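Order of listing sets the numbers, starting from 1, for every ligand and every atom in it. Note that the structure is a prediction, hence the values are computed from the model and not measured. The first residue in the sequence is number 1, and the count goes up from there.
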Amino acid sequence: MATIIDGKASADKILENIKQKVSELEKSRDRKPGLSVILVGEDSASSVYVKNKEKKANYVGFNSSVYKLPETTTKDELLALIEKLNKDDAVDGILLQLPLPKHLNPSDFLDKIDPKKDVDGFHPVNSGRLLNNEKPYAVPCTPKGIIRLLEEYNIQIEGKNAVVIGRSNIVGKPVSMLLLNKNATVTVAHSKTKNLSEITKKADILISATGHAGMVTADMVKKGAAVIDVGIIRGNDGKLRGDADFDTVKDIAGAITPVPGGVGPMTIAMLITNTLELYMLR
Ligand code: GUN
């Protein structure tokens, strides 16, 4: 049976550490780290994520604000808010929660966030730096959390075969770059990939970010592989499930992240980490 990678415990430790740091910083600096989150529209999953982000930001002692804008927000209104936050000296990190309503195109906004306040690392300056293996101001939160978990559990990356299922700008592409920069041999699979299981069976590290519950089955996994499950899907029974069929995959894998309690909590811990790092830059 695989080692269960306890993302919740790792995330709690990171948050505890930052809470401590913030209380010390308060003695030497005139302000706390500031995180501003923008949520446009009524997407129910996004509302839950944003609530959790706000809760953790408050927990560690950040000065956090959430801007909830209506579904009908125009491009100019959203740009005006981003511009205001760019100029606000109390704000270190700006997060525009995705997805946006259909009439708004993320690329019209992500490159308007000051790269030094781009807590998600989605600005082209930051994604370009990641691509070039130069230090970005911030690295996307979920990918950064995945690497932290692999390192914490002493799972070797260098020289290993890593297979990433999913090519999103939020997870698949940036985690592939991080793994490549750490000298893994990286394959990116996606919805048009042929013979997926032939590819995944070669993975020492298998990262799945598809959002299809249970699609990674035991027969797709190499014995002893580390399986990192980024999927988070709520079933009709109200329970959360991941991309991996956990109950069968855990008997083949060497290590596996559960859902919930794996990658999810680390994403928020990395958001908090990134905010503190951006604060320290200023
Ligand atoms: N939507 C799903 N994941 C993320 C994330 O990491 N950042 C933002 N901004 N939106 C998301």
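The salt bridge (charged side-chain N to carboxylate O under 4.0 Å, His left out) test with Asp92 is passed by exactly one of Arg29, Lys117, Arg31: Arg31.
The residues Glu151 and Lys182 are annotated as salt-bridged, a charged nitrogen and a carboxylate oxygen being separated by less than 4.0 angstrom. With respect to Arg282 and Glu277, no salt bridge is recorded, no charged nitrogen being found less than 4.0 Å from a carboxylate O.
Other cluster members for Leu206: Met1, Ile4, Val163, Ile165, Leu196, Ile199, Met215, Val216, Met220, Val221, Val227, Phe246, Val249, Ile252, Ile256, joined by side-chain heavy-atom distances under 4.5 Å among Ile, Leu, Val, Met, Phe, Trp and Tyr.
Residues passing the side-chain hydrogen bond (donor to acceptor under 3.5 Å, both in side chains) test with Asn52: none are found, sequence neighbours excluded. Remark: Ala209 pairs with Val171, Val230 by the side-chain contact (heavy atoms from CB on, under 4.5 Å) rule, at least two apart or across chains.
Sorted by chain and number, the residues within 4.0 Å of ligand 1 by heavy atom are Leu95, Leu96, Gln97, Leu98, Asp120, Phe122, Ile170.
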